[in-house]
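Heads up, the thing below is written out as structure tokens.
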Amino acid sequence: MASRKRQSLIAFAKHTSVQGEIVHAANRLQSDFFLTFVIAISLGRAEKPEAMFDYYDHALAIWHVIQSDSAQRQMAFEAIATVPTKLNLANAIDRIRWAKAQADTLASGRNIVAHNPVTLRPRVDGARGLVHEPEFGSLSSRPAHQRRLDLIRGLKFWQALRDDLLKLSDYMSAINDYVLKDRFVSWGHKPLSFMPSAWPRRPRLQSVAQLRAIDSQLQAATQKTRRRIPRRPSRG
């Protein structure tokens, strides 16, 4: 039994590795949105650098009242977009709005690997006959997840998703640092060494277009199926 378990872990290693990396990257990105929320909560209220941390527990308590990741990201955006402050946040708001839209799309891919195990799926290979290859999904997978998994083959897409989440996390982190830099300057302090001198450029995300294309393809298939279903005659 131990030998079979070991063989299973070896066979699944690449998939479970990228699975864990995607969850890690998504969690890191969510943490960056939380920092945006902390900054927004303290803007206009803290009058010195260290005072911002006085609002950490306050922001954390509010943050975890919301259980949905997407709702938390929306809350962070609304907080920074509407906070009364003398700082010019137009550039930050525009970038965070874009980042939130990308994060919402990437979250659909993250949810698939976070809620599905890796299993061995049988496949007929012309040269080798019946073979079993590791794939995401199982008999218990949600139909909506399985329909997407059927359109994704191999690990290349999932590796791109992981990389996109990390790129977006770095982007959000740079935005937060730039807002903090402007705040330090407004208090008469010199920027700290980690604070950027320019706004970050939007990263090129490889998996977003594919996720949206998959959604469009599935929606089109659903609409086509609905058109084929004849309507029942009404009882006049």
Side-chain angles (χ1 to χ4, degrees), residues 18-19 21-41 43 59 62-83 85 87-116 142 144-145 147-149 151-152 156-182 196 198-223:
V18 77
Q19 185 178 43
E21 290 165 356
I22 287 171
V23 173
H24 159 72
N27 290 342
R28 200 178 87 170
L29 175 59
Q30 194 71 6
S31 182
D32 293 318
F33 275 95
F34 171 67
L35 180 55
T36 299
F37 184 65
V38 175
I39 293 171
I41 286 290
L43 273 177
I62 298 171
W63 186 255
H64 286 294
V65 169
I66 308 298
Q67 298 300 309
S68 163
D69 286 355
S70 61
Q72 287 179 336
R73 292 191 293 270
Q74 182 67 35
M75 184 171 66
F77 171 73
E78 295 295 342
I80 199 73
T82 61
V83 61
T85 177
L87 292 182
N88 183 357
L89 296 177
N91 282 320
I93 292 169
D94 180 63
R95 284 166 170 79
I96 294 171
R97 179 187 290 108
W98 179 84
K100 190 190 91 60
Q102 311 315 305
D104 290 345
T105 298
L106 294 174
S108 65
R110 174 267 177 200
N111 290 340
I112 291 174
V113 296
H115 296 290
N116 287 282
R142 295 177 184 177
H145 285 180
R147 284 192 291 270
R148 286 162 174 76
L149 286 169
L151 297 174
I152 301 170
K156 187 175 180 179
F157 168 79
W158 301 111
Q159 292 165 343
L161 175 65
R162 171 203 60 200
D163 293 345
D164 287 348
L165 286 164
L166 291 173
K167 290 176 187 177
L168 200 58
S169 174
D170 289 343
Y171 182 69
M172 280 295 301
S173 179
I175 294 169
N176 289 332
D177 288 344
Y178 197 96
V179 174
L180 288 174
K181 186 204 74 169
D182 279 357
W199 287 104
R201 294 183 177 181
R202 291 180 179 179
R204 292 185 177 181
L205 307 179
Q206 303 298 319
S207 63
V208 168
Q210 187 170 347
L211 282 167
R212 291 175 178 165
I214 289 171
D215 285 343
S216 296
Q217 184 175 345
L218 292 174
Q219 288 173 7
T222 299
Q223 292 173 357

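Here CG of L180 is found 9.5 Å from CG of D182. Values are rounded to the nearest 0.5 Å. Here the straight-line distance linking atom CE of M172 with atom CZ of F34 works out to 12.5 Å at 0.5 Å rounding. How far CG of D170 is from CD1 of I175: 11.0 Å, rounded to the nearest 0.5 Å. One finds the CG atom of L166 at 12.0 Å from the OG atom of S173 (value rounded to the nearest 0.5 Å). Note: D32 CG to R28 CZ = 7.0 Å, rounded to the nearest 0.5 Å. With rounding to the nearest 0.5 Å, the separation of CG in L161 from NZ in K156 is 14.5 Å.
Checking side-chain atoms of N176 against main-chain N and O of L35 turns up no donor-acceptor pair under 3.5 Å. At distances below 3.5 Å, at least one donor-acceptor pair connects side-chain atoms of N111 with backbone N or O atoms of A107. Judged by distance alone, with hydrogens and angles left aside, the side-chain atoms of Q72 form a donor-acceptor pair with the main-chain N or O of I66 at under 3.5 Å. The backbone N or O of N116 lies less than 3.5 Å from a partner atom in the side chain of Q19, making a donor-acceptor pair.
Counting heavy atoms from C-beta on, the side chains of K167 and R162 never come closer than 4.5 Å. You'll find the side chain of L106 stays beyond 4.5 Å of the side chain of R110, heavy atoms only. Contact check for R73 versus D69: side-chain heavy atoms found under the 4.5 Å cut-off. Put simply, the side chain of W158 does not reach to within 4.5 Å of the side chain of E21, judged on heavy atoms. No side-chain heavy atom of T36 sits under 4.5 Å from any side-chain heavy atom of V179. Looking at L165 and Q30, their side chains never come closer than 4.5 Å, going by heavy atoms from C-beta outward.
Of all non-hydrogen atoms in F37 and A59, the two that sit nearest each other are CE2-O, 3.4 Å. Considering all non-hydrogen atoms of both residues, I80 and V83 come closest at O-CG1, 3.6 Å. Of all non-hydrogen atoms in R95 and P200, the two that sit nearest each other are NE-O, 3.3 Å. Of all the heavy atoms in L168 and A103, the pair that sits closest is CD2-N, 3.6 Å. The shortest heavy-atom contact between P196 and A174 is CG-O, 3.8 Å. For the pair L211 and T105, the tightest heavy-atom approach, listed with the atom from each and the gap, is CD1-O, 3.5 Å.
Here the rule is ring-ring contact (aromatic ring centres under 6.0 Å, His included) with Y171, and of W199, F33, Y178, W98 only W98 fits it.
The salt bridge (charged side-chain N to carboxylate O under 4.0 Å, His left out) analysis of residues 206-221, with sequence neighbours excluded, yields the pairs R148-D215.
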Query raised in the report: Is there a salt bridge (Lys or Arg N to Asp or Glu O under 4.0 Å) between K181 and D177 once you walk through the steps?
Result: CA-CA 6 Å; K181 186 204 74 169; D177 288 344; over 6 Å; no
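With respect to the salt-bridge test (charged N to carboxylate O, under 4.0 angstrom), the residues R204 and D163 do not qualify.
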